[in-house]
Amino acid sequence: MPELPEVQEVRRTLEPHLLHIPITAIRILRRDFITPRNAPLINLVGQCITRTHRHGKKLFLIADDRQTLHLHLGMTGHVDCVPAKTPIAKHTHLILELATGTHIRFHDPRRFGGIWYYPTLEEALAAQTQNLGPDALALTPQNLAHWQTARGRLKQRLLAQRDVAGLGNIYVDEALWQAQLHPQQLVGRLTPVRIKTLIAAIRQILRRSLALGGTTLRDYRNASSQPGQFAQQLHAYGRAQLPCHRCQSPLHSAQIAARTTVFCPTCQKRH
DNA sequence: TTAGGCCTGCAC
DNA sequence: GTGCAGGCCTAA
């Protein structure tokens, strides 16, 4: 499931195929995957995507510093760069055809993701990053200073994207395991030192995952169809009942914030 | 604060 | 056939 490292990896592998290459045609296979449904995508034909931008799990493709496509991969979104003759896979919703003959294809079987069109980057950012916290890779203690007087528990606050953007279920569980913090820990009771530890854990987990191309449990592939290798490095996610890699106690699994949450009851204590 | 809905594929 | 996977939004 694409979280920050996977979206960044899609961006990295997509750029060489896409940037500065004229778009020769756009095929919309599923109009309701695009917002607004009457988006004038035809205006992109003849233009080039000149840069990309990522904030948390959100990816932006920007044409000549104006028109912007925002991609959200949801649970099962993929971007594929393939030769034009490649058969079109099931659940392909949008295709950008490029002057090089490459097709950029957006798939999403479950359609939890989507594509948004904006006439300008400013409008895209205003609409899409309004309620988004700082990108998880740039998180600082100052960004979480308001936790001192905030309600809520770590798991739900880290998943909500408002305090920090880019973490999903996998990396929240991994970061909490790394930082030895309980998912039900009240954020208002965290000491500054523990917040620093948490931030360091988040950054370390994300960087290590990025270095291995992200986490592939089953579906995730980058824009070059390659899986990530971080799944083999997971300490918490998907390891319920297995021994903790730190203290050998069996890991617990519980529904927290409506998500399956795996943690070590021995070394992740509440404070 | 929680539950439900979206949606498909896969394990059982 | 059933249940589960969960990002994100809406509603109770």
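Note on naming: letters A, B, ... go to the chains in the order of the sequence lines (proteins, then strands), and numbering restarts at 1 for each one.
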Closest-nucleotide ordering on DNA chain B, the 5'-leading residue of A:A258 and A:R30: A:A258
Filtered N/O pairs between nucleotides 8-12 of chain C and protein, under 3.5 Å:
from, atom 1, to, atom 2, distance (Å)
C:dC8, OP1, A:H72, NE2, 2.5
C:dC8, OP2, A:K57, NZ, 3.2
C:dC8, N4, A:R259, NH2, 3.3

Short side-chain N/O contact from [X] to OP1 or OP2 of [N], under 4.0 Å:
X	N	answer
A:K90	B:dT8	no
A:T260	C:dA5	yes
A:H91	B:dG9	yes

Partners meeting side-chain contact (heavy atoms from CB on, under 4.5 Å) with [X] (sequence neighbours left out):
X	value
A:P227	A:T216, A:R221, A:Q229
A:R207	A:L137, A:R203
A:P141	A:K196, A:I199
A:Q204	A:Q178, A:R208

Nearest-Å distance, [atom1] ([X]) to [atom2] ([N])?
X	N	atom1	atom2	answer
A:D108	B:dT8	CG	P	10 Å
A:M75	B:dG9	CE	P	14 Å
A:N131	C:dG7	CG	P	18 Å
A:I256	C:dA5	CD1	P	14 Å
A:N169	C:dA5	CG	P	9 Å
A:H107	B:dG9	NE2	C1'	16 Å
A:R153	B:dT1	CZ	P	8 Å
A:R157	B:dT1	CZ	C1'	13 Å

pair A:Y117-A:L69: side-chain heavy atoms closer than 4.5 Å: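 In short, these two side chains touch, coming nearer than 4.5 Å.
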Considering only side-chain heavy atoms of A:P109, which listed nucleotide, B:dT8, C:dA5, C:dG7, is closest? B:dT8
Which atom pairs, donor and acceptor, lie under 3.5 Å between side-chain atoms of residues 124-134 of chain A and protein residues at least two apart or in another chain?
from, atom 1, to, atom 2, distance (Å)
A:Q128, OE1, A:K58, NZ, 2.7
A:Q128, OE1, A:H70, NE2, 3.2
A:Q128, NE2, A:Y118, OH, 2.8
A:T129, OG1, A:L125, O, 2.6

Is there a donor N/O on one and an acceptor N/O on the other, under 3.5 Å, for the side chain of A:R111 and the base of B:dC7?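 No, no donor-acceptor pair under 3.5 Å.
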Could you note down all residue pairs passing salt bridge (charged side-chain N to carboxylate O under 4.0 Å, His left out) where residues 136-158 of chain A supplies at least one of them, sequence neighbours left out?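 For residues 136-158 of chain A, and leaving out neighbouring residues, the salt bridge (charged side-chain N to carboxylate O under 4.0 Å, His left out) pairs sorted by first residue read A:K155-A:D173, A:R157-A:D163.
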What does A:T76 touch in the nucleic acid at a heavy-atom separation under 4.0 angstrom: a base, only the sugar-phosphate, or nothing? nothing
Regarding A:F33, tell me which of base, sugar-phosphate or nothing describes its non-hydrogen contacts under 4.0 Å with the strands shown.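 No contact.
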Is it true that the NZ or CZ of A:R239 lies under 6.0 Å from the centre of A:W177's six-membered ring and within 45 degrees of the ring axis?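 Checked: cation-pi criterion not met.
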I'd like to know if A:K57 pairs up with A:E3 as an ion pair, taking the criterion as any Lys NZ or Arg NE/NH1/NH2 lying under 4.0 Å from an Asp or Glu carboxylate oxygen. no
Here DNA chain B, pairs taken as Watson-Crick or G-U under 3.5 Å and shown with ( ), [ ] when crossing and | when to another strand, reads ||||||.|||||
For A:H182, which residues count as a ring pair (Phe, Tyr, Trp, His ring centres under 6.0 Å) partner, sequence neighbours excluded? A:F263
Tell me which residues in residues 201-219 of chain A put a heavy atom below 4.0 Å from DNA chain C, sorted by number, or none.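 Nothing qualifies; none.
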Quick one: ring pair (Phe, Tyr, Trp, His ring centres under 6.0 Å) pairs with a partner in residues 4-38 of chain A, sequence neighbours left out? A:F33-A:H93
Return a table of donor-acceptor pairs under 3.5 angstrom between the side chains of residues 77-90 of chain A and protein atoms on other chains or two or more places apart.
from, atom 1, to, atom 2, distance (Å)
A:D80, OD2, A:H107, NE2, 3.3
A:T86, OG1, A:P83, O, 2.9

